[in-house]
Amino acid sequence: MHLILFLIFAGFCLAGAVNLLLQTHPINSALSLIVVMSSLAVLYLLLGAEFLAIAQIIVYAGAVMVLFTFVVMLLNVGEEEKTHGSKVAKIVGFPAIFVFFSVITTVLLEAQRRLDMLKMGGIQLSDAMTTIRELSQVLFTDMLLPFELTSVLILIAILGAVALARKEGHS
Amino acid sequence: MTAHLHLWLIPLLPFAGFLVNGLLGKRLPKALVSAVALGFPLASLAVVVRASVLFLSLKPQPIAWAVTYASWINAGPLHVDFTFLLDQLTVLMLLIVTGVGFLIHVYSVGYMAHEDGYWRYFSYLNLFLFFMTVLVLAENYLLMFVGWEGVGLASYLLIGFYFERKSAADAGKKAFVVNRIGDFGFLLGMFLLLSQFGSLSFTQIGVSLAANPAMQGGILTAIALCLVLGACGKSAQIPLYVWLPDAMEGPTPVSALIHAATMVTAGVYMISRTHFLFDRSPFALAVVALIGAATAFFAATIALVQTDIKRVLAYSTISQLGYMFLGCGVAAYSAAVFHLMTHAFFKALLFLAAGSVIHGLNGEQDMRKMGGLWKKLPVTFWTMTAGVFAIAGFFPFAGFFSKDAILYEAFQHGALGKGLYVVGLVTALLTSFYMFRLWYLTFFGESRATDHEHHPHESPWSMLTPLVILALLSIGGGWVGIERFGAYLAPVVGSVTDPALEAGGKSLDLTLSVIAVVVALLGLLIAHVFYFRKNDRAAKLAAAASGPYGLLVHKYWIDELYHNVIVTPLVLGSRYILGWVGEGVIVRGSAWLLGGVATLLGELVRRWQSGNLRSYSAWLAAGAAALLFFAVVGAVLGIGGTELRMVWVGH
Amino acid sequence: MHSSLWNDIPSFWYLILSALLFSLGVVGFLIKRTLITVFMSIELMLNAVNLSFVTFAHDWHQVKGQIFVFFVMMVAAAEAAVGLAIIISIYRSRATLNVDQIDLMKL
């Protein structure tokens, strides 16, 4: 059961990500990204993080991506133009990505091999969910200061965004 | 008894004089400059006299006294100290240096009275005294080398005193460079000594050699020959004599002091002081004797045809130094030093008298333009006569005793010695001839002066007094006799064979003395025939033997030979190295290289800053990937400080 | 049994998925020419990292992993807001969102 769910939603993730790359119009890319976010939310659920799954839907898919879509529509961004800025991006960048991915994979495979006796985390649907109680107990006691600071951060972001987006000349 | 002899004052007093006159002399009045210039050497002379008296009155007999003032070099196995040594030889040399030196200072006050740079002259002269006394007092080779180099420096400064004259400046340079070649030999000798004995101190080397009686030849010959090269440079022997005739460009008192009485004797002094080294190498001694005899003869031949009065005296000095070398070469060190002493007297006298003549004739140095001066410059004439008779070796003047001692010792020195004796005898004939030639040409006959504006006048008493004193010394200086002289120096240089003790020695000595006087008379007669009255016998002889005559007049073309064979290639080579290699390759090349590299790198790096967002992000990704890669690789291989740990934190 | 793949997925697979998503995000970051799309790729990268955090939080039974994800989300939201405001400003001044034409970083 778990396997099927995983395969479906992981597939959605990947499909959405690839589509993001392949689409030329930004609005299509935005919508693909929404698909990715939502699938990730389900994956979080499968991993036992119920609060995060909901937060992902509400905050990411529901707010951030909507913001993206707003801006795309506001600016009336058209299809991508094919300009050639630099070849370096492809010549240097792709090998870098390749190296990066292979290193990570190798490390993980190695870890998998070495810890196979102890079974590096099989994830089962019957594993306990992380309740909000547990989450908030840590958040509001150990992590209180970062929590408050994050609030301040959001406040600053709001102010910044407002300041930036105002048309010039207005007081 | 170690009464405080205050030996350190002997060099430092003239040095103080040098400083005062050198730094302040330009602004001081001339009288004060003279007072300083005379006062400090006089004080030094006083210290010398006191030290000598105290030293020589030690009972039961004076023993050599060394005093160390400070440690100088203390580097691993090399230990050199500032040590002064006082023994009979040092006392003698110090008396000569400071005594004759002081007389020449007095003379210079009169001679240089009208010169610019009066203060500069005296400061250099005091500097010379400082270095010469250091040379003589030194107890080790290195300190002696300090004095050695220093007198070379003072000589350069004083030869080039009239530096605005190109010939004078060139002569100074020539003296310094040729001396340097000799110093190279001296240095090599010091290095070899150091490697062989581990010390440069005379006493220590002497002790090492005494403890090792079987050591002969080999490395000691090498050391001795290197030191002889140094001595040849300083004492103007073949092949390094070429600087001395040119050194006559300096003022005449300088020629008297440095190039007759004191500096040029440094080589002879060095050999005598370290005779224990040379005694172990018969080959080196033979070389010294041969060089001495050859130089004596060679220089005497050149002096036969010189027309400049100072040049004659210069070649005469070279020749007499050859005699001293000959004396050293036959291991008759005390005879050589005896001749050194008498030569200091009469050669200084001759130079100063010549200077008086030149001064009286308002700068004329060419003997062909002199003549008829014996009435006009009486004191100069009589004192110079004393000097001429002394150098020619007439009895009872000083030169007779010392030259005779050397020739006797040479004769006693085996087959080679007898050959050298003959050479020495012939040279004595030549010496007598050219000195009387000089005497006749300068003082007798009708005046051949071309300058009719100035009339010859006698010199002031500041110049004449030293002449008189030196004349008295030239007359009476030899009467101490070689036996007593040898006995005096015996603790230092070993004893010389005493004619009185050898079988048939006294009669041989008498025979040789008579021969020497006869030879001197012969020279006088020949000179009389040629030069007493004006005639053309000399000119006819010169025309008849024009080949040899030309060779002599051009000094055997040695200067030209050296110039073409040695100097020109060196100059070309160094110009090449300086110009092409030095300036071209190194300076301009490296500048071009640095500039080029910087520009190139700049061009490369500049392309990186394109402003293009995508290329920036590409490099960012590449950098991150590289970091990750090297972290993991490093962890896997165990290098780089990262660790790869697989930890399972528990279920 | 419980150790079959049907029920028991190794967390390794989640981590590989996370790595893949991250790499795709970097690819997008490099090849996309519209500024907004580049920004979206960045968001994709952040999400990939979130996934790996949650996976490890599950594996190690630590809530702190999820807390971290929480904070990442907050910061990403704030960043999105400000970033989009900047994009709007750029569009206003340059009338284009093509990354190759916004190169006034060049001196």
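Chain naming here is simple, since letters A, B, ... match the order of the sequence lines and numbering starts at 1 in each.
Comparing Asn47(C), Val54(C), Val26(C), Val99(C) by how many heavy-atom pairs each has under 4.5 Å with chain A, the most go to Asn47(C). Options Phe98(A), Tyr60(A), Phe94(A), Phe100(A) differ in how many heavy-atom pairs under 4.5 Å they form with chain C, and the most are formed by Tyr60(A). Listed options Thr24(A), Thr150(A), Val18(A) were ranked by heavy-atom pairs under 4.5 angstrom with chain C; first place goes to Thr150(A).
Between Phe147(A) and Phe70(C), the ring planes lie parallel to each other; the angle is under 30°, not in the 30° to 60° tilted range.
Of the two parts of Leu20(A), the backbone and the side chain both hold a non-hydrogen atom closer than 4.5 Å to a non-hydrogen atom of chain C. Contacts of Ser29(A) with chain C are made by both backbone and side-chain atoms, with heavy-atom separations under 4.5 Å. Only the side chain of Leu97(C) comes within contact range of chain A, with heavy atoms under 4.5 Å apart. At a 4.5 Å heavy-atom cutoff, the contact between Val75(C) and chain A is made by backbone and side-chain atoms alike. Looking at Ile4(A), the atoms closer than 4.5 Å to chain C (heavy atoms on both sides) all sit in the side chain, from C-beta outward. Contacts between Ala30(A) and chain C at a heavy-atom distance below 4.5 Å involve backbone atoms as well as side-chain atoms. In this structure, chain A has a heavy atom under 4.5 Å from the side chain of Phe22(C), while its backbone stays farther away. Contact annotation for Asn98(C): only side-chain heavy atoms (C-beta onward) come within less than 4.5 Å of a heavy atom of chain A.
Considering every non-hydrogen atom in both Cys13(A) and Leu21(C), the closest pair reads O-CD2, 4.1 Å. Closest approach of Ile97(A) and Ser23(C) over heavy atoms only: CG2-CB, 3.8 Å. Residues Ile16(C) and Phe101(A) share a closest heavy-atom pair of O-CE1, 4.4 Å. When all heavy atoms of Asp142(A) and Lys64(C) are compared, the closest pair comes out as OD2-CE, 4.4 Å. Residues Pro26(A) and Thr34(C) share a closest heavy-atom pair of CG-CG2, 4.2 Å. Heavy-atom minimum distance, Gly48(A) versus Gln66(C): O-NE2, 4.1 Å.
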- Run the numbers on Leu43(A) and Leu17(C) for side chain to side chain contact (heavy atoms under 4.5 Å, CB included), then give the verdict. CA-CA 11 Å; Leu43(A) 287 176; Leu17(C) 176 64; 3.6 Å; yes
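Annotation: side chain of Leu135(A) is in contact with side chain of Ile67(C) (closest heavy-atom distance under 4.5 Å). Within the 4.5 Å cutoff, side-chain heavy atoms of Leu51(C) are placed close to those of Leu47(A).
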